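Sequence lines set the chain letters: A, B, ... in the order given, protein chains first and strands last, and positions in each chain run from 1. The structure displayed is predicted, hence computed values, not measured ones.
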Amino acid sequence: MKEMHTTYNPKEFEDKIYAQWTERGSFRAEIDPQKVPFTVMMPPPNITGQLHMGHAMDETMQDILIRFKRMQGYCALWLPGTDHASIATEVKIVEQMKREGLTKQSLGREEFLRRAWAWKEQYGGRIVEQLKKLGSSCDWSRLAFTMDERCSSAVREAFFRLYQKGLVYRGDRIINWCPGCKTALSDAEVEYAEEAGHFWHFSYPLEEGGSIVVATTRPETMLGDTAVAVHPSDERYAAYIGKYVRLPLTDRRIPVVADEYVDPAFGTGAVKITPAHDPNDFEVGLRHALPVIRVMNDDGTMNERAGVYAGLDRYEARRRVIADMQALGLLVKTEPHAHNVGHCYRCHSTVEPIVSKQWFVRMKPLAKPAIDAVVKNKTKFTPDRFAKIYYNWLENIRDWCISRQLWWGHRIPVWYCDDCGEVICTREGEPAVCPKCGGTHLKQDEDVLDTWFSSALWPFSTLGWPRETDDFSYFYPTDVLVTGYDIIPFWVMRMMFSGIEYTQKVPFRDVLIHGLVRDEQGRKMSKSLGNGIDPLEIIDRYGADSLRLALVTGVAPGNDTRFTDAKVEASRNFINKLWNAARFVLLNVKDDAVPALSAIKLQPADRWIISRLQTCIRECVLSLQKFDLGIAADKLIDFTWNDFCDWYIELSKPSLYGGDDEKRRGALAVLVFVLDNVLRLLHPFIPFVTEEIYSYLPGEHGMIISAEYPRYNSKLAYKKEAGAFEGIIDLIKTVRAMKVEVNCPPSKKVHLYLVTDSRRLIGANRGSVLRLAGASEIDFVDSGAAAGDKAMSRVCEPGQIFIPLGELIDIEEERARLQKELERIDGEIARASGKLSNHNFVAKAPKKLVDDERAKLEKYIDMKTKTQQRLAAL
RNA sequence: GGGGGCGUAGCUCAGUUGGUUAGAGCGUUUGCUUGACAUGCAAGAGGUCACAGAUUCGAGUUCUGUCGUCCCCACCA
């Protein structure tokens, strides 16, 4: 039999084991009608991305669930993939081209796309390799990409269906325009941040004399003003309604209109209306049939409609407008004003609301069924409070702008007829002839779709939809989606309504939401702060298992967590403990044949640990089923370290070294049995080290990844025996504490005198008690007198302990200690009898609770008597 | 303006449907080269569960309010 290394060194086996899993196809989900499928779709990381802690946590949680279900016998599919990340990737490629002195325009669309694909080939696989280092057991044979053929045909089909149903439309609307990326953005892609700005009050002269003062934070937009609005019931301005204003800096004549939108209490109570550059103004403009004058170009400079300001950057234009207004004596005042400014989530440029012709998805009809599905519990959020956030989004949703003025992405499958203007959307192929006029001058829409349009189809596009593939019919709908709360609006919500709309089924039954991984000080990890911790570096230092465990312990679903080296070290220490426990077991096994559990006579300690194991299995499986990964991990660590290592292994030593071969073989059988269970229980959390240790276990067995997950076995619960055995543990702990109290060195053996009813049980565990309590002899006596006058005493679960300590003990100190103990016992008696004298408690509380309380009271009364006797004897 | 989280040991956090003496890791105190492990072992110290009410036989847990703190959404120019 091969021997384990003396120290836990993950580097020696993690890569090797991953290769073994891959070679054996352990991750591959083969459709099996006999099995129940369990499917998880990996949130596809961006091809531009590098693995960060957020991914590491997300992947770890998914891998835990997948490995757990796989071991439970499900046909577990974890489907991996990457996202083309339209805007993020295009930004990177443009940057790269810029360094070479190239632009999109100079290169042309075709050449640009060729470079983009080359870029994808070069970097798109990087994150996939990083995922493997974590131990992710995904089915790489099904690796998907949002722009591969499968996903692209799903996008085409989805768009076509929406078009047929009139759920997509093209129109001029105010959208968020990013002058940096030169594309439209959806509402979700804008991030707001408070900035110190100014509020400029401008005086607009009325045609008939007098003036009206408006306030603005974006003076340059006044060049596109087409009205001034006041509240209809605002008396101050009642006389001006219907009159005209001469818009300064231009020669335009614009009306004063009345609109409910204006808040008379804010600012001057008069608002300049710029329909082309403000969403609210746009609405006002529609109500009053105002012209829409767009004064800005796509790159953030002013256009020819801005007159003398044409060609200036928006901020330069702002300065000039202010200066010119001041020169005209029309700048009434400037006041500081903090306001929220929208920024592009990719390049962080200040976003401009601009009127523009874009494609939109009509959201109202899609949102309703998506809300209902969660209300009706077809899809369940964990923790469920996130359902509220989901509702909140969907209930207030506006139409989704899906066109992007980019090249990298799914081109909008719409053609325009140059001859008659007909708009053509086809299910597949490229139309050659206009169905309306027969013309052949057809041009495809220049724009691509929002990246999230294809991600929204992820749970089924990856399985072959719209074709009725075997994968699709077997694995869909998926079971659980694991993701962070920050992308509920981007992704979760959109998958929900898309899944329901296209497949008539919710795309997943559960959504497990986790929080953010923060740095040691609780700050969000970010590139700009430079406070990100590289998971790969942590893996290099501690191994993937330690990282994984650190990411799930002490974490509650949905809550943010801080990542610290100390946490990884704690996990590493645990794994080291497990490693050494295994080493202990296996060193003792040597080349012996280990008997089956059923073939040996179980000792009390054996039944105790086996019973504790059953409890652990039950609680662990229950927690995993509820997605309480942190709790499950805690229970496993606690059982392994405390019950198994600190108690059972120590308890087994007298059997192993006592010279009784039957006992030795019995202890070995139990040690191997428990170790085997512990490894399988822990495998989803720390797959590498459990696989490695498993390979050293005696007997014929395959790999742990395909082993069965432990199941609770009521026949092995041994409730009564295990309960009784707790008394032995209490006895040992009490003796240990007694020795420490009097500074008796652990190496000095003491003589125990016990007054107890549990002579048989203690007798059966005599060796363990002597060894673990550090005692030389045990005598069962009827009273403490046998221990002599100068003895100390304590009451424990099985009875009363006396230890004659001769000169080692100070009578006065012991008396004081007993006095203190008596006070504590009195407190307990008061508490218990108080509870029991409460008629309501006795009458209304469950019977078991009342009985327990009575038993406790009796125990304390007994303890009090014994302690008092001891005090008197001193 | 709307919604949500958090406030528990020195620090970071768990705490399942209300029910023994409120837990863990780290830190800390004392002792220990105990035939797997000092990445360890044993024994400890350390908590008015933010505050005030309410419900209940019983509240860290449920409800109401207050304070502090963080986040998301909306975006009154």
Side-chain angles (χ1 to χ4, degrees), chain A residues 4 6-8 187 192 199 214-218 221 229 261-263 265-274 278-281 337 339-342 383 385-386 388-389 391-393 396 485-486 488-489 515-516 520 522 524 553-556 558-562 564 566-567 569-588 619 622-623 626 628 630-631 634 637-638 645-646 649-650 653 656-657 733 736-741 743-747 771-772 774 824 827-828 831-832 835 838-846 848-850 852-853 855-856:
Chain A
M4 287 175 68
T6 47
T7 51
Y8 163 57
D187 295 337
Y192 289 88
F199 221 9
V214 297
T216 179
T217 56
R218 295 187 298 153
T221 63
Y261 153 69
V262 181
D263 175 2
F266 186 82
T268 62
V271 187
K272 61 190 270 309
I273 298 298
T274 324
D278 183 280
N280 293 309
D281 292 6
H337 180 71
H339 59 140
N340 269 338
V341 179
R385 65 170 186 270
F386 288 104
K388 281 187 218 163
I389 291 173
Y391 296 143
N392 206 268
W393 264 95
N396 300 306
Y485 59 70
D486 51 332
I488 293 174
L516 265 37
E520 195 145 7
K524 212 166 156 174
T553 43
V555 178
N559 284 6
D560 290 354
T561 179
R562 297 186 195 206
T564 62
K567 253 184 207 171
E569 272 164 22
S571 299
R572 191 268 321 268
N573 293 352
F574 167 72
I575 297 170
N576 181 252
K577 186 76 185 176
L578 174 69
W579 180 269
N580 280 292
R583 233 162 55 83
F584 171 82
V585 173
L586 297 168
L587 285 172
N588 279 290
E619 290 178 343
L622 231 58
S623 299
K626 287 192 295 185
D628 278 326
I631 291 176
D634 279 349
I637 293 169
D638 181 58
C645 294
D646 290 344
I649 284 184
E650 295 308 322
K653 285 177 180 173
L656 292 173
Y657 307 139
K733 291 184 96 152
R736 283 171 175 173
M738 287 167 80
K739 289 176 73 176
V740 168
E741 271 187 75
N743 293 322
C744 171
S747 52
R771 186 186 177 92
L772 300 194
R824 189 186 72 87
E828 292 297 340
R831 192 192 51 76
K835 249 182 162 176
N838 180 341
H839 297 295
N840 280 321
F841 174 72
V842 177
K844 293 182 183 173
K848 188 183 174 305
L849 225 63
V850 179
D852 285 355
E853 207 56 44
K856 223 184 307 172

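Counting non-hydrogen atoms of neighbouring residues, nucleotides and ligands closer than 6.0 angstrom, the NZ atom of A/K733 reaches no more than 12 such neighbours.
Ring pair A/H337/A/F199 is parallel by interplanar angle, where below 30° counts as parallel and above 60° as perpendicular.
When every heavy atom of A/K272 is checked against every heavy atom of A/D281, the shortest pair comes out as O-OD2, 3.4 Å. In terms of heavy-atom proximity, A/A581 sits nearest to A/I649 at CB-CD1, 3.9 Å. Shown here for A/K577 and A/C645, the closest heavy-atom pair between the two residues is CE-CB, 3.7 Å. In plain terms, the two heavy atoms of A/T553 and A/I637 that are nearest each other are CG2-CD1, 3.8 Å. Nearest heavy atom pair, residue A/V214 against residue A/T268, reads CA-OG1, 3.8 Å. Between A/T221 and A/T274, the closest heavy-atom pair is O-CG2, 3.2 Å.
Here B/G5 presents its C1' atom at 14 Å from CG of A/D486, a figure rounded to the nearest Å. Distance, A/Y192 OH to B/C72 C1': 13 Å, rounded to whole Å. As a whole-Å value, the separation of A/Y261 OH from B/C75 P is 10 Å. A/F386 has its CZ atom 17 Å from the P atom of B/G3, to the nearest Å. Distance CG (A/D187) to P (B/C72): 16 Å, rounded to an integer number of Å. B/G4 atom C1' lies 8 Å from atom CZ of A/R385, rounded to whole Å. Distance A/D852 CG to B/U21 P: 11 Å, rounded to the nearest Å. In this entry the distance linking CD1 of A/I389 with P of B/C72 reads 11 Å, nearest Å.
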Show your reasoning for whether salt bridge (charged side-chain N to carboxylate O under 4.0 Å, His left out) applies to A/E853 and A/R831. CA-CA 10 Å; A/E853 207 56 44; A/R831 192 192 51 76; 3.4 Å; yes
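When the C1' atom is compared between B/G2 and B/C57, the two are found 41 Å apart, to the nearest whole Å. Rounded to whole Å, the separation between the P atoms of B/U69 and B/U55 comes to 32 Å. Rounded to whole Å, the C1' atom of B/G60 lies 14 Å from the corresponding atom of B/C51. One P atom belongs to B/G47, the other to B/A22, and the distance between them is 12 Å to the nearest Å. B/U33 and B/A42: their C1' atoms are spaced 15 Å apart (whole Å). Here the separation of B/C49 from B/G18, taken at their C1' atoms, is 15 Å to the nearest Å. A distance of about 11 Å separates the P atoms of B/G25 and B/G40, rounded to the whole Å. Separation of the C1' atoms belonging to B/A9 and B/U21 is 16 Å when rounded to the nearest angstrom.
Between the side chain of A/N340 and the base of B/C75, at least one donor-acceptor pair of N or O atoms lies under 3.5 Å.
One finds no salt bridge joining A/D852 and A/K856 here, because no Lys/Arg side-chain nitrogen approaches an Asp/Glu carboxylate oxygen to under 4.0 Å.
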Protein-proximity profile, nucleotides 35-46 of chain B, B/S/- by nucleotide at the 4.0 Å heavy-atom cutoff, equals BBB-BSSSS---
Using a cut-off of 4.0 Å between protein heavy atoms and nucleotide atoms, how would you tag nucleotides 9-16 of chain B 5' to 3' with B, S and -? ---SSSSB
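At a threshold of 4.0 angstrom between heavy atoms, the contacts of A/W393 are confined to the sugar-phosphate backbone, with no base atom among them. Residue contacts for A/L849: at a heavy-atom cut-off of 4.0 Å it reaches a base atom on one of the strands shown.
Residue order along RNA chain B, read from the 5' end via each residue's closest nucleotide, puts A/A570 first among A/H337 and A/A570.
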RNA chain B base-pair string [pairs: Watson-Crick or G-U under 3.5 Å; |: paired with another strand]: (((((((..((((.....[...)))).(((((.......))))).....(((((..]....))))))))))))....
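Taking the side chain as every heavy atom from C-beta outward, A/I631 and A/K626 never approach each other to under 4.5 Å. Side-chain contact between A/R736 and A/L772 is present, with heavy atoms from C-beta onward closer than 4.5 Å.
Rounding to the nearest 0.5 Å places OH of A/Y8 at 14.5 Å from CZ of A/R583.
Qualifying salt bridge (charged side-chain N to carboxylate O under 4.0 Å, His left out) partners for A/D187, counting only residues two or more places apart in sequence or in other chains: A/R398.
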Sort me out a list of protein N/O and nucleotides 67-70 of chain B N/O pairs below 3.5 Å, or just none if empty.
none

Set out, line by line, the N/O atom pairs under 3.5 Å between protein and nucleotides 57-62 of chain B.
residue, atom, partner, partner atom, Å
B/C57, OP1, A/K844, NZ, 2.1
B/C57, O2', A/N838, ND2, 2.7

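Judged purely by distance below 3.5 Å, without hydrogens or angles, the side chains of A/Y485 and A/D560 pair a donor atom with an acceptor atom.
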